[in-house]
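The basis for the numbers below is simple: all heavy atoms, side chains too, and nothing from hydrogens, waters or symmetry mates. For reference, positions follow the sequence shown, starting with 1.
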Amino acid sequence: IAYLLFEKPLAGVKVMVTAGPTREKIDNVRYITNRSSGKMGYALARMLRLMGAEVILISGPTTLKIPSGVRAVKVQSAAEMAKAVDTHSKDSRVIIMAAAVADYRPAEPSESKIKKGAGKLTLILERTRDILATLERKEGQIVIGFCAEDRDLENRAREKLVKKSLDAIVCNDISRRDIAFGSEENEVSVFFRDGSSEYIEKADKDTVALQLIKRVILRLLSKS
Ligand code: CTP
Ligand code: CA
């Protein structure tokens, strides 16, 4: 690990990381979001920077501090994140999509506060764009997705790997309450396009980030 930090193996490499949840407006005081804290994506951004990479972090709303030396673009909604990714992914060698992007948003957000009535309230949701699946890819780019599954992990992860044409996918097991969402620790499985996989044992998110860089990102870069 000391080697990774002091030798700066990623010097000159441009990496874009997305992190955090998105917020989808219901009205001017309410929104839909999810439990992502952004910690895993921020840990990756920080460690990538410490290894010399030029890091651009596209972040949904979080309370986390932007890691030193990292360029950050703050966004709210999935649509804003899509726009920022389109702008900044073009010249990135490595793209890491750790954000928990909302799949749906209110179809008709209200400009004024919705007042309560006697009965039920129905919200109509529409799909957001799948940023990763529709990303305009450049020759030689390495693209890594994330997923969070509560069952049938490997099959679901591998399905997404193929469907979204990824080089690797990092999978969180959200059936476990001690790791992932909001937690200080994580433990992940990584599945590669060539059929191989890596298991990264439970540790604080900085350590998991270092392992991901060493065993996934540097490995993919050395092969390309
Ligand atoms: N993703 C994205 N844009 C979306 C939804 C997801 O870029 N609108 C990205 C995530 O950042 C992640 C990957 O796609 O890297 C997988 O996200 P996930 O939610 O697991 O997959 P979905 O295709 O949305 O499938 P589902 O939520 O139904 O399991
Ligand atoms: Ca999703």
Side-chain angles (χ1 to χ4, degrees), residues 1-21 36-75 81 84-85 88-89 91-101 132 140-148 157 166-173 178-192 196-224:
I1 279 169
Y3 143 79
L4 292 170
L5 296 178
F6 298 119
E7 293 296 316
K8 304 225 181 288
L10 290 169
V13 179
K14 281 192 181 174
V15 184
M16 189 197 79
V17 181
T18 68
S36 168
S37 66
K39 282 178 194 157
M40 196 60 241
Y42 274 61
L44 272 166
R46 192 166 90 81
M47 290 302 169
L48 286 160
R49 178 65 198 144
L50 286 172
M51 288 184 209
E54 201 177 301
V55 183
I56 175 124
L57 175 64
I58 315 287
S59 173
T62 75
T63 53
L64 304 171
K65 198 172 138 268
I66 304 297
S68 142
V70 167
R71 192 170 150 213
V73 177
K74 288 278 218 163
V75 299
M81 185 171 280
V85 166
H88 297 285
S89 61
D91 60 349
S92 296
R93 178 83 196 285
V94 182
I95 293 172
I96 302 173
M97 305 285 265
V101 186
L132 182 50
Q141 255 174 359
I142 290 166
V143 182
I144 300 168
F146 272 66
C147 66
L166 309 176
D167 296 289
I169 189 157
V170 180
C171 195
N172 286 290
D173 181 355
D178 57 329
I179 51 170
F181 282 122
S183 157
E184 294 304 325
E185 291 191 305
N186 205 1
E187 173 186 325
V188 296
S189 297
V190 187
F191 304 99
F192 292 89
S196 65
S197 61
E198 289 274 355
Y199 166 73
I200 296 174
E201 64 182 38
K202 187 172 166 179
D204 60 87
K205 288 183 174 176
D206 279 353
T207 304
V208 172
L210 269 175
Q211 291 297 324
L212 282 173
I213 294 170
K214 195 173 132 199
R215 287 155 70 182
V216 180
I217 299 168
L218 290 177
R219 168 179 158 181
L220 288 168
L221 276 169
S222 73
K223 282 192 190 165
S224 72

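- One distance of note links CZ of F146 with OG1 of T18; it measures 8.5 Å at 0.5 Å rounding.
- L44 contributes atom CG, which lies 5.5 Å from atom CD1 of I213 (distance to the nearest 0.5 angstrom).
- Looking at K14, its side chain never comes within 3.5 Å of a backbone N or O of V94 through a donor-acceptor pair.
- For the atom pair CD1 (I217) and CD1 (I96), the distance works out to 3.5 Å, reported to the nearest 0.5 Å.
- Nearest approach of R93 to G140, heavy atoms of both residues: NE-O, 3.6 Å.
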Inset, instruction - Begin with the C-alpha distance, continue with both residues' side-chain angles, and end with the deciding distance and a verdict on side chain to side chain contact (heavy atoms under 4.5 Å, CB included) for V216 and I144. - result: CA-CA 9 Å; V216 180; I144 300 168; 4.0 Å; yes
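- Rounded to the nearest 0.5 Å, atoms CE (M81) and NZ (K74) are 10.0 Å apart.
- With Q211 contributing its side chain and A203 its backbone, the two residues share no donor-acceptor pair below 3.5 Å.
- Across V143, V73, V85, L57, a single residue satisfies side chain to side chain contact (heavy atoms under 4.5 Å, CB included) together with M16, and that is V85.
- A pairwise comparison of heavy atoms in A168 and F192 identifies CB-CD2, 3.9 Å as the closest pair.
- Minimum interatomic distance between C147 and C171 (heavy atoms only, all atoms of both residues): SG-SG, 3.2 Å.
- Nearest heavy-atom pair across R215 and Y199 is NH2-O, 2.8 Å.
- R46 contributes no side-chain N or O that, together with a main-chain N or O of V70, makes up a donor-acceptor pair within less than 3.5 Å.
- Between the side chain of S92 and the main chain of V15, no donor-acceptor pair closer than 3.5 Å is present.
- Residue A19 comes nearest to G38 through the heavy atom pair CB-O, 4.2 Å, listed as atom of the first residue, atom of the second, then distance.
- Summarising the geometry, atom CZ belonging to R219 is positioned 11.0 Å from atom CG belonging to D167; distances are rounded to the nearest 0.5 Å.
- How far NZ of K205 is from OG1 of T207: 12.5 Å, rounded to the nearest 0.5 Å.
- Nearest heavy-atom pair across L64 and S37 is CD1-O, 3.4 Å.
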Inset, instruction - Test L221 against L10 for side chain to side chain contact (heavy atoms under 4.5 Å, CB included), laying out the working first. - result: CA-CA 10 Å; L221 276 169; L10 290 169; 3.5 Å; yes
Inset, instruction - Just do the side chain to side chain contact (heavy atoms under 4.5 Å, CB included) check on I66 and Y42 with the steps written out, would you? - result: CA-CA 8 Å; I66 304 297; Y42 274 61; 3.7 Å; yes
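- The shortest side-chain heavy-atom distance between E187 and D173 does not fall under the 4.5 Å cut-off.
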